[in-house]
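Computation of the quantities below employed the complete heavy-atom set of this structure, encompassing side-chain atoms and omitting hydrogens, waters and symmetry-equivalent molecules. These numbers come from a predicted model, not from an experiment. Each chain gets a letter, A, B and so on, in the order the sequences are listed, and its residues count up from 1.
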There are 2 protein chains.
Amino acid sequence: MNSILLVEDDELLGHGLSLYLNSKGYTCCWVTNATDTNEYWFHADLVILDRQLQDGDSLRHLPGWLMQKALPVIILTAKVDIENRVEGLMLGAKDYMTKPFAQEELLARIIAHLRPLGASLLEYKSLQIDVSSRTVKCAGERVNLKPKEFDLLLLLLQNPGRVFHRDELLNKIWGYRSFPSTRTVDNHILHLRQAFPCLEVETHRGIGYRLTAAK
Amino acid sequence: MNSILLVEDDELLGHGLSLYLNSKGYTCCWVTNATDTNEYWFHADLVILDRQLQDGDSLRHLPGWLMQKALPVIILTAKVDIENRVEGLMLGAKDYMTKPFAQEELLARIIAHLRPLGASLLEYKSLQIDVSSRTVKCAGERVNLKPKEFDLLLLLLQNPGRVFHRDELLNKIWGYRSFPSTRTVDNHILHLRQAFPCLEVETHRGIGYRLTAAK
DNA sequence: ATTTTATTGACATTGAGGTGACAAAACGCA
DNA sequence: TGCGTTTTGTCACCTCAATGTCAATAAAAT
């Protein structure tokens, strides 16, 4: 469960937001000044930072805080002019919202910033395929696939249930434009089947292969 | 040299923005439809996506595109209502801007999203990398790296686990736009491997390299 | 000019993956 | 059911392109 540090000296807004965020399942820590911010910064996964605090413009502290621990920061402010937004973003913030704003939008932005970018994770039964690292885990165990094998697995997983012509596979993965009789596709299908017992690849005689849609 | 994919079917805005981004030092690729987006997605570091294209709502394609390669996406739209913003963010976008907007703010947001959330101190096993002073310590011992070697190490460490195409490395670190056959990348990888026995760089034959995510 | 850094080219090494032989299975047809 | 044909499964081998490696050269920095 992610924890959010809310820095807001407006009692009403601070109270409302912290309740709201709590209700959405976040651990929300609400502070009202720079000193407390400093203290709680380390425990947060994301920071919502009001720009005007009683003890001054919170932006002054931002670079220092970020240097201690890098976090996604969403700045809240009443100021609407462009220069201020640009300044906030340039000082290290990830996002900038102008009051008044809708709770729902803030929440959506929080989710967007907390969501890991590399989450291109495909799942099929006990398989996990990470596209960006080109790695496959089967029941938690890393399995090494050769490049073409990985490409083939990826294509099948991205279209579960669909029948692929051998020719289509040769074209999409091997880049072939003519289709000689070859055992190449079979070979790679074979390797995948051997590597992953849980992988249900149906043979469609005279056509090609398809991956049984997992649920 | 970061490259930005601009998906915008308004001629005027598309042209203006691509010029602007180019003038700010980005390699900007401007396309106007979903098909071309699909093709260029892989080469981009960040995507600016207009929501309404001639061939429909671009949000339909977003999850599919993100699955191929995870990228920060900024959505542009004329729609102002909250539901639309939330929808876009929930589908995987990192940011959402409503037209009309100021170029400067878009630029600031681009910078914010491309800026690695990295603290100035990166760690990997027994390595400590100080980004600001460009120094590396291995098990407490200062190790001198050549500039390009440091850049390469930094890029890998900022994206642990991710596979980098050789072309991508040549582009990001060497600024190449064409990709001649060269032993340059291999050489620098070699030097890093020799300098740091603890550095686990996987070779992905025919693709590139990746740093094993340490934990 | 001297030192440091980067790139190139030659050569060794490796491993991905294709090839073809053969076995096994599926299919068609009587 | 049985036989012949076609398609697929399986395996071992072999090729070649991609990479590892190093020394020599070029380029850049000082």
Side-chain angles (χ1 to χ4, degrees), chain A residues 129 133-136 142-156 163-212, chain B residues 1 133-136 142-156 163-212:
Chain A
I129 292 84
S133 68
R134 295 181 62 90
T135 56
V136 184
R142 166 83 187 272
V143 177
N144 283 319
L145 285 189
K146 291 157 188 172
K148 285 277 190 296
E149 291 169 5
F150 182 87
D151 293 340
L152 178 57
L153 179 63
L154 184 60
L155 182 63
L156 292 176
V163 178
F164 282 93
H165 267 252
R166 309 167 82 78
D167 291 358
E168 199 179 351
L169 293 174
L170 281 171
N171 181 304
K172 281 217 164 67
I173 295 184
W174 281 267
Y176 286 13
R177 322 223 77 247
S178 64
F179 307 107
S181 167
T182 171
R183 297 262 63 72
T184 299
V185 178
D186 313 58
N187 261 306
H188 287 261
I189 292 284
L190 171 66
H191 294 150
L192 287 182
R193 292 209 256 235
Q194 289 176 337
F196 308 110
C198 70
L199 199 71
E200 293 184 47
V201 184
E202 279 178 9
T203 301
H204 285 238
R205 200 182 165 80
I207 315 274
Y209 299 91
R210 85 182 260 271
L211 193 62
T212 301
Chain B
M1 180 64 52
S133 67
R134 295 179 62 89
T135 56
V136 184
R142 168 77 187 276
V143 177
N144 282 321
L145 282 190
K146 295 157 189 170
K148 284 274 190 297
E149 291 170 4
F150 183 85
D151 293 340
L152 179 56
L153 178 62
L154 182 60
L155 183 63
L156 293 176
V163 173
F164 283 93
H165 276 247
R166 307 168 82 78
D167 291 359
E168 204 177 348
L169 294 173
L170 281 171
N171 181 307
K172 282 219 166 61
I173 294 183
W174 283 268
Y176 286 14
R177 320 227 62 249
S178 65
F179 306 108
S181 165
T182 171
R183 297 262 65 70
T184 300
V185 178
D186 313 58
N187 265 301
H188 287 259
I189 292 283
L190 172 67
H191 295 150
L192 286 182
R193 292 210 256 234
Q194 290 176 337
F196 308 109
C198 71
L199 199 70
E200 294 185 47
V201 184
E202 268 182 15
T203 302
H204 285 237
R205 208 162 251 260
I207 314 274
Y209 299 93
R210 77 181 268 270
L211 195 63
T212 302

Flag the pair A:N171 / A:F164 as yes when at least one side-chain heavy-atom distance between them is below 4.5 Å, and no otherwise. no
Between [X] and [N], is there a contact of a side-chain N or O with OP1 or OP2 at under 4.0 Å?
X      : N      : answer
A:W174 : C:dG18 : yes
A:R193 : D:dG9  : yes
B:H188 : C:dT7  : yes
B:T203 : D:dT19 : no
A:T184 : C:dG18 : yes
A:K146 : C:dA16 : yes
A:Q194 : D:dC11 : yes
B:Y209 : D:dG20 : yes

Sugar-phosphate, base or nothing in reach of A:Y176, heavy atoms under 4.0 Å: sugar-phosphate
Over all strands shown, is A:F150 touching base, sugar-phosphate only, or nothing at heavy-atom distances under 4.0 angstrom? nothing
Residue pair [X] / [Y]: nearest heavy atoms and the distance that separates them:
X      : Y      : result
B:L145 : B:F150 : CD1-CA, 4.0 Å
A:W174 : A:L169 : CE3-O, 3.4 Å
B:V201 : B:R193 : O-NH1, 2.7 Å

What is the distance, rounded to the nearest whole Å, between atom [atom1] of [X] and atom [atom2] of [N]?
X      : N      : atom1 : atom2 : value
A:L190 : C:dA21 : CG    : P     : 19 Å
A:R205 : C:dA24 : CZ    : P     : 16 Å
A:L199 : D:dG9  : CG    : C1'   : 16 Å
A:N144 : C:dT14 : CG    : P     : 18 Å
A:H191 : D:dC11 : NE2   : P     : 9 Å
B:L170 : C:dT7  : CG    : P     : 9 Å
B:I189 : C:dA6  : CD1   : P     : 14 Å
B:D186 : C:dC11 : CG    : P     : 18 Å

Given 3.5 Å as the limit, does a donor-acceptor pair link the side chain of A:R210 with the main chain of A:H204, or not? no
Kindly say whether, by distance alone, the side chain of B:R183 makes a donor-acceptor pair under 3.5 Å with the base of C:dT7? no
Does the D:dT21 base have a donor-acceptor partner in the side chain of B:N187 within less than 3.5 Å? no
On DNA chain C, does the nearest nucleotide to B:P147 precede the nearest nucleotide to A:P147 from the 5' side, or the other way round? Give the residue. B:P147
Side chain to side chain contact (heavy atoms under 4.5 Å, CB included) partner of A:H188, the single match among A:K148, A:K146, A:R183: A:K148
